[in-house]
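Here is the structure we will look at, set down as structure tokens.
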Protein chains: 2
Amino acid sequence: MRADARRNREKVLRAAYEAFASEGRGVSVQEIARRAGVGTGTVSRHFPTKEALYEAIVLDRMEVLAGAAEGFAAERGPGEAFSAFLGFMVDEGALDHGLADALSGDGFDVVAAARGTGHDVVEVLGALLARAQEAGEVRGDVDAADVKALVSGCIARGRGGADEAARRRTVAVVLDGLRPRA
Amino acid sequence: MRADARRNREKVLRAAYEAFASEGRGVSVQEIARRAGVGTGTVSRHFPTKEALYEAIVLDRMEVLAGAAEGFAAERGPGEAFSAFLGFMVDEGALDHGLADALSGDGFDVVAAARGTGHDVVEVLGALLARAQEAGEVRGDVDAADVKALVSGCIARGRGGADEAARRRTVAVVLDGLRPRA
DNA sequence: AGACAAACGGGATGCCCGTCCCGTATCTTC
DNA sequence: GAAGATACGGGACGGGCATCCCGTTTGTCT
């Protein structure tokens, strides 16, 4: 692969990340090309379809989430690790409209896209959830998909990083609701 | 207004309701016209833009929600009425993709559209919420917009009426989380 | 029943978008 | 430094959509 080709590929990835983050899955390819400072042809040569580009970005973000989950699991107890990861997902989603779109699962199947990469959100979240449930810190009758949906609700509150206090309130409600019933 | 014009207007409204419900805000005007059994011209004569048609449908749905809220408020206590309405919103949203899109508030501002109609969800929900909070049945630090966001999360779980059990689980989590802290 | 106005259908129009293509520019290798 | 391959830019193309328009049909009123 030629050096300029690799450079441009990186530029496209960075620009696409920012564009998807600020405008969501709907940004036009032309806007991404403009932000990257390349032609639209260069974008579609490196990524044959817009969907492929979006998927690449989302999987990158999934890796970040998976890394964070691993960190939390290593340095905190079951309940704390789960709570921290939930809050982390919501914060990331609020700042990244593209990630929020992926997590809301409307028209794009993150789970299918991430299958086999080891960075599937539902798998990663499921592991933390299972540990917290075994420790008796989270009610046992919910699954990872339930939690993902609740997280997407929290993300909807205060999109774009605005109204951080409201976002935290909704997270607090969900975490309280997830405690085992007395 | 001519009789056939009023008939067609009704046909369009019914078809649009069904089309938005099953496919969301993104359905094409042509699809709505097809379902109504009229030409696209008839649709846009009665509703100058697709947005205007969508708004009409959403406001209709808001009226239904407001009516249900009134009923619950009349025949149940503060906490029960609030819980029932929350569950009702989620059930309605799960069956109506168009309503779900409106409630998620991504690209369409229900609150602004319903302002002054007396059927604004946030107002209606806010009234039930305030009553439940005063009775000490719901924690006092959340507002109606918080609840709306949490509801949209529940709707996201089991869209299209599928997986009703999962939907009920998420509602239960939210209701538990909304109880005053012990 | 006849005449006029109102409404209809669906094709025409213009816009935006993703993808493909090709003449031109740039990099790499010998 | 020259030759060949590789990648670039951005316009061309095709498709989908909302909206507009106009020749035709239908309802209404006298």
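Protein chains get the first letters and strands the later ones, always in sequence-line order, with residue 1 at the start of each.
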Pair B:Arg179 + A:Asp176: basic N to acidic O under 4.0 Å: no
Heavy atoms of other groups near A:Glu55 CD, more than 12 under 6.0 Å: yes
Whole-Å distance separating the CG atom of A:Asn8 from the P atom of C:dC27: 10 Å
Side-chain N,O (A:Thr40) to OP1/OP2 (D:dG10) below 4.0 Å: no
Cationic N near anionic O, under 4.0 Å, A:Arg115 to A:Asp109: no
B:Arg25-B:Ser104 side chain donor-acceptor pair, cut-off 3.5 Å: no
Short side-chain N/O contact from B:Thr42 to OP1 or OP2 of C:dG9, under 4.0 Å: yes
d(NZ, B:Lys11; C1', C:dC8) in whole Å: 11 Å
A:Glu80 atom CD, neighbour heavy-atom count above 12 within 6.0 Å: no
Most 5' of B:Ala5 and A:Phe47 on DNA chain C, judged by nearest nucleotide: B:Ala5
Test: B:Arg34 and B:Glu31 ion pair at under 4.0 Å: yes
Value in whole Å for how far the P atom of D:dA7 lies from CE of A:Met1: 7 Å
Distance, rounded to the nearest Å, where B:Arg9 contributes CZ and D:dG27 contributes P: 19 Å
Members of residues 18-34 of chain B that approach DNA chain D, where some heavy atom sits under 4.0 Å away: B:Val27, B:Ser28, B:Val29, B:Gln30
Protein-nucleotide distance (A:Asp4, atom CG; D:dA5, atom P), rounded to Å: 17 Å
SB check B:Arg14 B:Glu18 (cutoff 4.0 Å): no
C:dA7 OP1/OP2 closer than 4.0 Å to side-chain N/O of B:His46: no
Separation of atom CZ in B:Arg45 from atom C1' in D:dC22, rounded to whole Å: 11 Å
Any donor-acceptor N/O pair under 3.5 Å between C:dA7 base and B:Arg2 side chain: no
Between C:dC15 (P) and B:Lys50 (NZ): distance, integer Å: 19 Å
Separation of atom CD in B:Glu51 from atom P in D:dC17, rounded to whole Å: 17 Å
